[in-house]
Visitor: 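There's a structure below that I have some questions on.
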There are 2 protein chains.
Amino acid sequence: MRDQILDEATELFARQGYDGTSLNDIAAGVGIKRPSLLHHFPSKDALYGEVFEKMLSEWLERVEDAIASPGSGWERFSAVLTSGFDLFVDNPAYVRLMRREALEGGDRLGIDLVGVVTPLFDAAVDWLEGEMAAGRFRAIDARHVLITAYASLLGYVSDAPFINGLINDDALAPAALAARRSHVLDLFHRALAPESGTSAGSLTSLGS
Amino acid sequence: MRDQILDEATELFARQGYDGTSLNDIAAGVGIKRPSLLHHFPSKDALYGEVFEKMLSEWLERVEDAIASPGSGWERFSAVLTSGFDLFVDNPAYVRLMRREALEGGDRLGIDLVGVVTPLFDAAVDWLEGEMAAGRFRAIDARHVLITAYASLLGYVSDAPFINGLINDDALAPAALAARRSHVLDLFHRALAPESGTSAGSLTSLGS
DNA sequence: GTCTATATTGGGATAGAC
DNA sequence: GTCTATCCCAATATAGAC
């Protein structure tokens with residue numbers, strides 16, 4: 001029951017936001033009444049907190065798997081980018097929850113979203129700069145590359161309801177997702193390719 | 001007074017969302033009580049509707065100015081991109097309001113956000129594809145290019161509170177904004193550059 | 001674990017005085 | 001135009017029966 005409640009709450013908080021979701025909505029979604037729900041969680045805040053912590057821990061687990069992948073240069077960058085995109089696509093509710101938190105600065109209810117993400121971000125920056133120094137990537141602002149990657153992939157999923165209208169198609173359908181993935185990979189492939197003439201660090205082909 | 005209320009409402013709806021903002025908050029922000037506010041606007045929905053329509057009309061005006069700019073190829077693309085970014089930066093509250101609407105699909109309160117944006121989007125797609133056919137841009141999925149540009153620029157501004165924490169700096173400070181602009185321009189400059197060897201359509205330098 | 005009943009708060013909206 | 005007073009309703013939360 002606890003897990004059912006957590007799942008329903010995740011879905012509704014993601015779709016309607018914290019203030020737009022009542023405990024009645026969540027309780028009704030799992031077929032119980034509000035007081036029964038409050039038997040499992042002491043308050044709405046506490047429920048939201050658990051939803052968010054569960055999301056963070058599941059994501060961190062997958063991210064750590066992804067960055068543990070071997071390789072260097074473009075091979076590794078594209079693998080991590082693909083894993084990140086798959087992570088988003090597999091959890092659209094999480095993506096929208098995350099987007100809502102980012103909009104509010106990520107310090108809701110004492111959850112330090114920035115504190116959790118910053119170490120990963122800094123490690124990625126260090127790695128990128130190391131690859132640039134080794135000549136495998138062109139010299140380019142690593143922080144902005146990562147922010148662009150984050151925005152391009154997360155934004156596509158979080159705003160899918162809106163993008164559906166723009167492209168007059170289901171943005172989260174398999175074919176559309178594949179197109180998106182290869183587009184973003186192609187973009188960064190070009191952005192990171194060393195200037196032509198540099199022999200040591202030419203990038204391999206796109207792969208997928 | 002009406003304008004004061006609209007400004008305050010824009011700011012609070014952008015920061016806290018529709019459900020997270022009470023008429024008390026807005027009224028207090030302009031120094032009156034709730035019933036006085038309801039003398040100017042018949043309901044909360046109506047107030048939000050006016051906020052949103054005002055935003056749309058101001059944006060459309062500036063966008064139409066921007067796309068009226070002359071030139072072709074990279075010269076025009078970069079000019080429009082820069083104008084779009086400036087538009088976002090000048091109106092961070094609008095950006096966050098827009099992002100919230102996109103999250104919910106853009107069909108709140110009968111406002112057809114998709115219907116307003118689609119013609120502009122389609123026109124931009126047509127133009128890009130024409131430039132590709134003319135050899136001034138590389139052949140690349142025009143829709144995805146535009147979605148990436150939208151996400152890269154809008155996401156940077158809408159998630160500024162979060163990005164502040166990541167880069168440990170003010171993401172909306174002039175220097176950071178200049179860095180962001182040149183990064184994104186550089187990215188698209190490379191993405192759109194025709195394959196080397198094509199003589200007719202080489203891109204000019206970055207400009208700014 | 002789930003429920004009914006209830007306390008309490010806060011928000012949207014209206015009536016009517018000034 | 002602004003206010004006080006009031007109505008109505010929805011929401012969080014608690015008490016206590018089963």
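Sequence lines set the chain letters: A, B, ... in the order given, protein chains first and strands last, and positions in each chain run from 1. Keep in mind that this is a model prediction, so the values were computed, not measured.
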Visitor: Looking at A/His39, I'd like to know whether one of its side-chain N or O atoms comes within less than 4.0 Å of OP1 or OP2 on C/dC3.
Guide: no

Visitor: Assign each of A/Leu38 and B/Leu37 to its nearest nucleotide of DNA chain D by heavy atoms, then name whichever residue's nucleotide is nearer the 5' end.
Guide: B/Leu37

Visitor: Can you list everything that forms a ring pair (Phe, Tyr, Trp, His ring centres under 6.0 Å) with A/Tyr48? Sequence neighbours excluded, please.
Guide: A/Phe13, A/Tyr18

Visitor: Give the residues of residues 11-26 of chain B touching DNA chain D, defined as any heavy atom closer than 4.0 Å, sorted by residue number.
Guide: none

Visitor: Could you please name the option among D/dT4, C/dG12, C/dT4 that lies closest to any side-chain atom of A/Lys33?
Guide: C/dT4

Visitor: Answer yes when B/Arg76 and B/Glu131 have at least one side-chain N-carboxylate O distance shorter than 4.0 Å, and no when they do not.
Guide: no

Visitor: In Å, rounded to the nearest 0.5 Å, how long is the span from CG of A/Asp19 to CD of B/Gln16?
Guide: 8.5 Å

Visitor: What is the distance, to the nearest angstrom, from the NZ atom on A/Lys44 to the P atom on C/dT9?
Guide: 18 Å

Visitor: Measure from CD1 on B/Ile5 to C1' on D/dG1 and round the result to the nearest Å.
Guide: 10 Å

Visitor: Return yes if a side-chain donor-acceptor contact under 3.5 Å exists between B/Thr148 and A/Arg180, otherwise no.
Guide: yes

Visitor: Would you list the pairs meeting salt bridge (Lys or Arg N to Asp or Glu O under 4.0 Å) in which at least one residue belongs to residues 157-170 of chain A, sequence neighbours left out?
Guide: A/Asp159-B/Arg99

Visitor: For B/Gln4 and D/dG1, what is the distance between atoms CD and P respectively, to the nearest whole Å?
Guide: 12 Å

Visitor: On the side chain of B/Arg34, is there an atom forming a donor-acceptor pair with the base of C/dG12 - under 3.5 Å, no angle test?
Guide: yes

Visitor: Would you say A/Ser36 places a side-chain N or O within less than 4.0 Å of OP1 or OP2 belonging to C/dC3?
Guide: yes

Visitor: Across the strands shown, which category fits B/Ile32 at heavy-atom distances under 4.0 angstrom: base, sugar-phosphate, nothing?
Guide: sugar-phosphate

Visitor: With respect to B/Met1, which candidate in B/Val30, B/Leu6, B/Leu37 satisfies the side-chain contact (heavy atoms from CB on, under 4.5 Å) definition?
Guide: B/Val30

